[in-house]
Amino acid sequence: MAKTDERASWPLVKKPHPPFYFGGFAACAANFFTHPLDLLKVRLQTMKGTSAGNGLGGVVRTIYTEQGVLGFYNGISAAVLRQMTYSMARFATYEMLKKQLSNEDGSLPFYRMAISGVVAGAIGGICGTPADIVLVRLQNDGSLPVEKRRNYKNAFDGLFRIAREDGPQGLFKGAIPNVSRAMLMTAAQLCSYDAFKQLLLSTPYFSEGLSLHFSASFLAGFVATTITSPFDVVKTRIMNAGPASPYKNLLQAMVLIVKEEGPLALYKGWTPSFVRMAPQTILTFIFLEQFRNLYWDAHASRNKVRYE
């Protein structure tokens with residue numbers, strides 16, 4: 001009771017901006033739960049044709065039969081590296097731009113939110129492309145014939161070998177579709193999360209807490225998956241292709257895929273992508289909100305302040 005009375009006398013201040021790296025840490029934490037789903041998505045996206053063996057069940061059986069449970073975690077080192085580059089950069093940039101573009105009363109129109117997301121996605125996409133290439137190749141290696149496998153030992157071995165075998169420019173193969181996807185992903189995922197969060201808070205059914213974060217992030221995951229799926233398929237195909245790649249650029253790759261496999265090929269892997277994206281988005285934002293709350297609580301106790 002005395003402690004409560006003491007806190008009532010603490011001065012009111014605005015919440016401080018959390019550390020920039022919280023977004024990367026939250027994405028990494030979520031990634032350990034969702035990596036197997038991402039691997040399945042990549043395997044489906046890099047398969048051509050419509051044979052029965054190309055289905056989700058067939059891919060799961062093949063991985064488990066040939067590599068066991070650990071096969072579902074192929075490329076986890078590259079996944080962590082990707083989150084610590086791509087996700088950390090886009091979350092940090094997005095929060096910085098939101099702060100800069102907000103009105104004096106703290107409100108932020110949706111179009112400014114979208115601009116923040118697009119710019120943050122571009123920066124994150126550039127930072128994360130090298131790790132993304134290694135991730136795609138590590139995840140898809142097990143589906144290749146033995147003689148064609150790259151057999152990278154880990155993410156850093158993959159980076160060094162790509163630079164040595166393909167030249168430094170090889171680390172940015174597929175950068176255009178990757179950055180394009182990252183721009184759409186960040187605008188769709190981060191902006192829609194903030195927008196859905198505000199929308200849900202305006203109803204009498206939600207207040208700040210876990211149920212709000214879960215609902216807003218689930219809806220954001222659906223929107224992000226649907227918008228980015230075509231770019232994700234093209235990005236994966238380009239990054240996984242060898243030196244004799246049939247794909248010259250983003251537009252040509254899209255046209256070629258549609259011509260050879262039909263328009264629905266651009267949504268190959270949508271189901272595992274959403275099944276992965278939904279928990280990835282939910283867990284990322286839940287972890288992020290918890291990291292923020294812990295930081296704010298510690299800051300308030302340490303400095304003996306209350307928040308407005």
Remaining members of the apolar cluster that contains Met96, side-chain heavy atoms under 4.5 Å: Leu97, Tyr111, Ile115, Val119, Ile123
Decide yes or no for Asn103 and Arg112: does some side-chain heavy atom of the first lie under 4.5 Å from some side-chain heavy atom of the second? yes
How close do Gln252 and Pro246 get, heavy atom to heavy atom, and via which atoms? NE2-O, 3.1 Å
Any side-chain to backbone donor/acceptor pair from Glu208 onto Leu201? Under 3.5 Å, distance only. no
Under 4.5 Å between any side-chain heavy atoms of Tyr73 and Leu39, yes or no? no
If you draw a 6.0 Å radius around CZ in Phe218, do more than 12 non-hydrogen atoms from other residues or ligands fall strictly inside? no
Say whether Phe285 and Leu200 are linked into one hydrophobic cluster, either directly or through other cluster members, by side-chain heavy-atom distances under 4.5 angstrom. no
Polar side-chain atom of Asn178 near backbone of Gly174 as donor-acceptor pair, under 3.5 Å: no
Between SG of Cys191 and NZ of Lys98, what distance do you get to the nearest 0.5 Å? 8.5 Å
So Phe274 and Phe222, would you call those rings parallel, tilted or perpendicular, with 30° and 60° as cut-offs? perpendicular
Exam field: side chain Ser77 to backbone Ala155, donor-acceptor pair closer than 3.5 Å: yes
So how far is it from Gln198 CD to Met113 CE, rounded to the nearest 0.5 Å? 4.5 Å
Hey, any chance Leu212 and Phe196 share a hydrophobic cluster, counting ILVMFWY side chains that come within less than 4.5 Å of each other, even indirectly? no
Show the numbers, then the answer: is there a side-chain contact (heavy atoms from CB on, under 4.5 Å) between His299 and Tyr307? CA-CA 10 Å; His299 180 270; Tyr307 298 126; 3.3 Å; yes
Donor-acceptor under 3.5 Å (Ser229 side chain, Thr225 main chain): no
Do the non-hydrogen side-chain atoms of Ile63 and Asn74 ever get within less than 4.5 Å of each other? no
Spatial distance of atom CD (Gln83) from atom CG (Leu135) [nearest 0.5 Å]: 8.5 Å
Stepwise side-chain contact (heavy atoms from CB on, under 4.5 Å) check, Phe110 with Asp194: CA-CA 9 Å; Phe110 184 78; Asp194 284 342; over 6 Å; no
So which atom in Arg150 and which in Arg161 form the shortest heavy-atom distance, rounded to 0.1 Å? O-NH1, 2.6 Å
Check the pair Asn31 / Val80 against side-chain contact (heavy atoms from CB on, under 4.5 Å), numbers first and verdict last. CA-CA 7 Å; Asn31 214 152; Val80 172; 5.9 Å; no
For the CZ atom of Phe22 and the OH atom of Tyr295, what is their distance to the nearest 0.5 Å? 7.0 Å
Nearest heavy atoms of Leu171 and Ala163, plus distance in Å: CD1-CB, 4.1 Å
Report yes if some heavy atom in the side chain of Ser211 is under 4.5 Å from a heavy atom in the side chain of Phe206; otherwise report no. yes
Indicate yes or no for a side-chain donor-acceptor contact from Tyr86 to the backbone of Ala182 under 3.5 Å, with no hydrogens or angles considered. no
Ignoring hydrogens, what is the shortest heavy-atom contact between Thr93 and Ala89? Give both atom names and the distance. OG1-O, 2.7 Å
Above 12 or not: heavy atoms from other molecules or residues under 6.0 Å from CZ of Phe33? no
N/O donor-acceptor pair under 3.5 Å between Ser202 side chain and Leu199 backbone: yes
Taking a hydrophobic cluster as the set of Ile, Leu, Val, Met, Phe, Trp and Tyr residues connected by side-chain heavy atoms closer than 4.5 Å, whether directly or through intermediates, do Tyr21 and Trp296 fall within one such cluster? yes
Linked, directly or transitively: Ile257 and Leu184 (ILVMFWY side chains, under 4.5 Å): yes
Tyr152 side-chain N/O to Leu159 backbone N/O, donor-acceptor pair under 3.5 Å: no
State, with a plain yes or no, whether a side-chain heavy atom of Val134 is found less than 4.5 Å away from one of Phe156. no
Say whether Phe287 and Tyr94 are linked into one hydrophobic cluster, either directly or through other cluster members, by side-chain heavy-atom distances under 4.5 angstrom. yes
side-chain contact (heavy atoms from CB on, under 4.5 Å) assessment of Glu261 paired with Lys268: CA-CA 10 Å; Glu261 304 172 55; Lys268 266 188 175 181; 3.1 Å; yes
Thr85 side chain to Leu81 main-chain N or O, any donor-acceptor pair under 3.5 Å? yes
For Arg82, enumerate each residue passing the salt bridge (Lys or Arg N to Asp or Glu O under 4.0 Å) test, keeping only those at least two apart in sequence or located in another chain. Asp132
Point-to-point distance, once rounded to the nearest 0.5 Å, from CG of Leu266 to CZ of Phe231: 9.5 Å
Is there a donor-acceptor contact under 3.5 Å from the side chain of Ser192 to the main chain of Gln189? yes
What's the shortest heavy-atom distance between Ala300 and Trp10, and which atoms? O-CZ3, 3.8 Å
Could you give the distance from OG1 (Thr129) to CD1 (Ile176), rounded to the nearest 0.5 Å? 10.5 Å
Do the side chain of Asn293 and the main chain of Glu289 share a donor and acceptor less than 3.5 angstrom apart? yes
Exercise: identify the closest heavy-atom pair between His35 and Ala79: ND1-CB, 3.5 Å
How would you list, by chain and number, every residue that makes a salt bridge (Lys or Arg N to Asp or Glu O under 4.0 Å) with Glu308, sequence neighbours excluded? none
Kindly assign one of parallel, tilted or perpendicular to the pair Tyr193 and His213, based on the angle between their ring planes and the thresholds 30° and 60°. tilted
